[in-house]
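Below is one structure; the comments refer to it alone.
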Number of protein chains: 2
Amino acid sequence: MRNSKVPGVTIERLPLYYRYVQRLDRYETNVVSSSELGKRVGIPAAQVRKDLSYFGEFGRRGVGYEVDSLRYHLEKILGLNKTWPMLLVGAGNLGRALVNYRGFLEQGLEIRAVFDNDPGKTGSNIVDGLKVEPLENLEKRITELSIKIGIIAVPVDSAQEVAVKLVELGINSIWNFAPTLLEVPSHIFLRNEDLSVGLMSLIYYSANYESGKECSHHIEKNSEDK
Amino acid sequence: MRNSKVPGVTIERLPLYYRYVQRLDRYETNVVSSSELGKRVGIPAAQVRKDLSYFGEFGRRGVGYEVDSLRYHLEKILGLNKTWPMLLVGAGNLGRALVNYRGFLEQGLEIRAVFDNDPGKTGSNIVDGLKVEPLENLEKRITELSIKIGIIAVPVDSAQEVAVKLVELGINSIWNFAPTLLEVPSHIFLRNEDLSVGLMSLIYYSANYESGKECSHHIEKNSEDK
DNA sequence: TAGATTGTTAATCGATTAACAATC
DNA sequence: TAGATTGTTAATCGATTAACAATC
């Protein structure tokens with residue numbers, strides 16, 4: 001892998017490519033071109049090729065990309081060929097939805113432990129044997145399950161505190177659903193899945209909507225205005 | 001407003017500024033500088049000023065931004081001074097979490113009607129008087145509630161079909177949670193809140209994590225992905 | 001006046017896109 | 001060979017950042 005300095009936006013697009021080739025083989029095409037792939041995920045062909053080229057040469061000139069091979073490589077690049085056990089802090093509505101979401105996501109959301117500081121929630125079964133545990137169990141479970149990824153779905157006021165604790169206990173990546181800025185050491189990977197930003201920008205566009213005017217505004221979370 | 005060509009990334013940052021000033025007045029500061037504001041939301045001061053300047057001159061040189069005034073302007077720019085009734089299609093786990101999420105979001109997620117094509121779900125109470133309705137009611141409810149924003153939280157296989165129907169019935173903005181590319185006319189605003197992209201990019205970074213190496217990777221979906 | 005901070009211009013940086021030689 | 005398509009370079013585009021005159 002020669003991913004010297006892969007742009008973050010490229011990393012955001014790899015999942016789209018992966019998802020497409022993953023679904024593709026059910027239908028039957030041995031080979032897919034960058035233009036076909038691009039059309040299906042809404043990205044120009046040149047960009048598809050550029051993105052893939054950061055990681056290697058997966059295609060054949062004059063032919064295209066062999067589907068199985070591309071899927072294999074994307075899986076490996078993204079790390080989806082392995083299992084990444086995760087923990088979730090916050091067993092509220094969103095947290096429970098995420099746990100249940102596991103089944104819907106093709107590549108699997110491996111939530112192995114759920115925590116909440118509300119004694120009223122502790123001990124209750126969330127789904128197939130996954131029980132809500134008190135935060136005191138964090139250290140023990142992180143160690144015994146070798147967890148490196150934490151999901152934060154607690155209210156804003158306790159999010160920072162939870163983040164600090166997770167970092168102390170050796171987590172390296174945090175998926176934060178609390179709509180607030182978390183301060184974590186720079187070596188920790190933090191991804192904010194901030195629905196309130198989504199909601200407000202959605203309202204902005206709807207409020208400024210003028211029928212027929214303007215061109216397409218298809219936004220993929222980060223940016224990618226068009 | 002002189003928003004001739006406001007970058008999409010700027011729109012994604014306005015909610016962060018808004019959230020900060022919204023929470024700020026509880027504490028007590030009459031004035032906030034771009035550097036203070038920037039520090040609190042993780043964005044350089046120059047960028048804060050540039051972003052705001054797309055919409056007007058809200059600060060005073062040598063002084064800073066008056067908090068109440070800034071909040072007022074951001075509220076107006078984002079359209080949060082009005083109510084934007086929305087509908088939700090898909091009463092699964094994620095859909096129900098969104099309905100319940102309403103209370104947690106300061107600015108309010110105005111879901112006024114919920115639809116599902118599963119007769120087993122129809123009629124059941126989701127929360128305080130909001131009942132799941134069959135899709136046949138879409139047209140009637142969109143008209144009587146003047147709804148312009150639709151939220152799609154159905155499985156991948158039916159998402160496109162739902163999108164087409166919403167567009168036909170006059171929706172202008174779609175918040176799509178189904179992990180798939182929707183084809184909609186270019187005048188429709190489409191925002192993909194794709195958790196599977198989030199999950200996969202999270203795994204990428206965690207899989208490629210090397211302790212201590214590299215610098216900060218704080219991504220706002222959108223980059224954020226960003 | 002001296003210090004602070006905005007709004008804006010210009011320079012920098014980085015990502016997207018066009019173009020094309022290499023290859024099947 | 002003729003047509004297709006990659007991988008990559010170079011040109012373009014657009015966003016970020018530094019710098020500073022204007023202003024309090």
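Distance, B:Leu70 CG to C:dG7 P: 10 Å, rounded to whole Å. A:Arg60 places its CZ atom 13 Å from the C1' atom of D:dA4, with the value rounded to the nearest Å. Protein atom CD of A:Glu57 is 14 Å distant from nucleotide atom C1' of C:dC24, rounded to whole Å. Whole-Å rounding puts the B:Tyr54 OH to C:dT6 C1' distance at 16 Å. The CZ atom of B:Phe58 sits 15 Å away from the C1' atom of C:dT8 (whole-angstrom rounding). In this structure, the CD atom of A:Glu66 is 21 Å from the P atom of C:dT23, given to the nearest Å. Rounded to an integer number of Å, the gap from A:Phe55 CZ to D:dT6 P is 18 Å. In this structure, the CG atom of B:Asp51 is 14 Å from the P atom of C:dT8, given to the nearest Å.
Side chain of A:Asn192 to backbone of A:Asp194: no donor-acceptor contact under 3.5 angstrom is found. For B:Glu183 (side chain) and B:Gln160 (main-chain N/O), no donor-acceptor pair under 3.5 Å exists by modelled atom type. Without hydrogens or angle criteria, A:Ser206 side chain to A:Ile203 main chain gives no donor-acceptor distance under 3.5 Å.
You'll find that the side chain of A:Ser33 is closest to D:dT5, out of C:dG7, D:dG7, D:dT5. Side-chain proximity of A:Val63 to C:dC24, D:dT5, C:dT8: nearest is C:dC24.
At a threshold of 4.5 Å between non-hydrogen side-chain atoms, the residues B:Phe189 and B:Ile174 do not count as touching. Looking at A:Pro179 and A:Val156, their side chains come closer than 4.5 Å, going by heavy atoms from C-beta outward.
A salt bridge links B:Glu12 with B:Arg191; the closest basic N to acidic carboxylate O contact falls under 4.0 Å.
Side-chain N/O atoms of A:Ser34 include one lying less than 4.0 angstrom from OP1 or OP2 on D:dT6. For D:dG7, one of the phosphate oxygens OP1 or OP2 lies less than 4.0 angstrom from a side-chain nitrogen or oxygen of A:Tyr65.
A side chain to side chain contact (heavy atoms under 4.5 Å, CB included) with A:Leu24 is found for exactly one of A:Val67, A:Asp68, A:Leu70, namely A:Val67. Partner of B:Leu190 under the side chain to side chain contact (heavy atoms under 4.5 Å, CB included) criterion, chosen from B:Val167, B:Leu181, B:Val184: B:Val184.
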Cut-off 3.5 Å, no hydrogens considered: what does the side-chain donor-acceptor table look like for residues 30-40 of chain B, sequence neighbours left out?
| unit_1 | atom_1 | unit_2 | atom_2 | d |
| --- | --- | --- | --- | --- |
| B:Ser33 | OG | B:Ser35 | OG | 3.2 |
| B:Ser33 | OG | B:Glu36 | N | 3.1 |
| B:Ser34 | OG | B:Arg49 | NH1 | 3.0 |
| B:Glu36 | OE2 | B:Arg40 | NE | 3.4 |

Task: Dot-bracket encoding per residue of DNA chain C, Watson-Crick/G-U cut-off under 3.5 Å, | denoting interstrand - done: ..||||||||||||||||||||||
Report all interatomic pairs (protein N or O, nucleotide N or O of nucleotides 17-21 of chain D) with separations under 3.5 Å.
| unit_1 | atom_1 | unit_2 | atom_2 | d |
| --- | --- | --- | --- | --- |
| D:dA19 | N6 | B:Arg49 | NH2 | 3.3 |

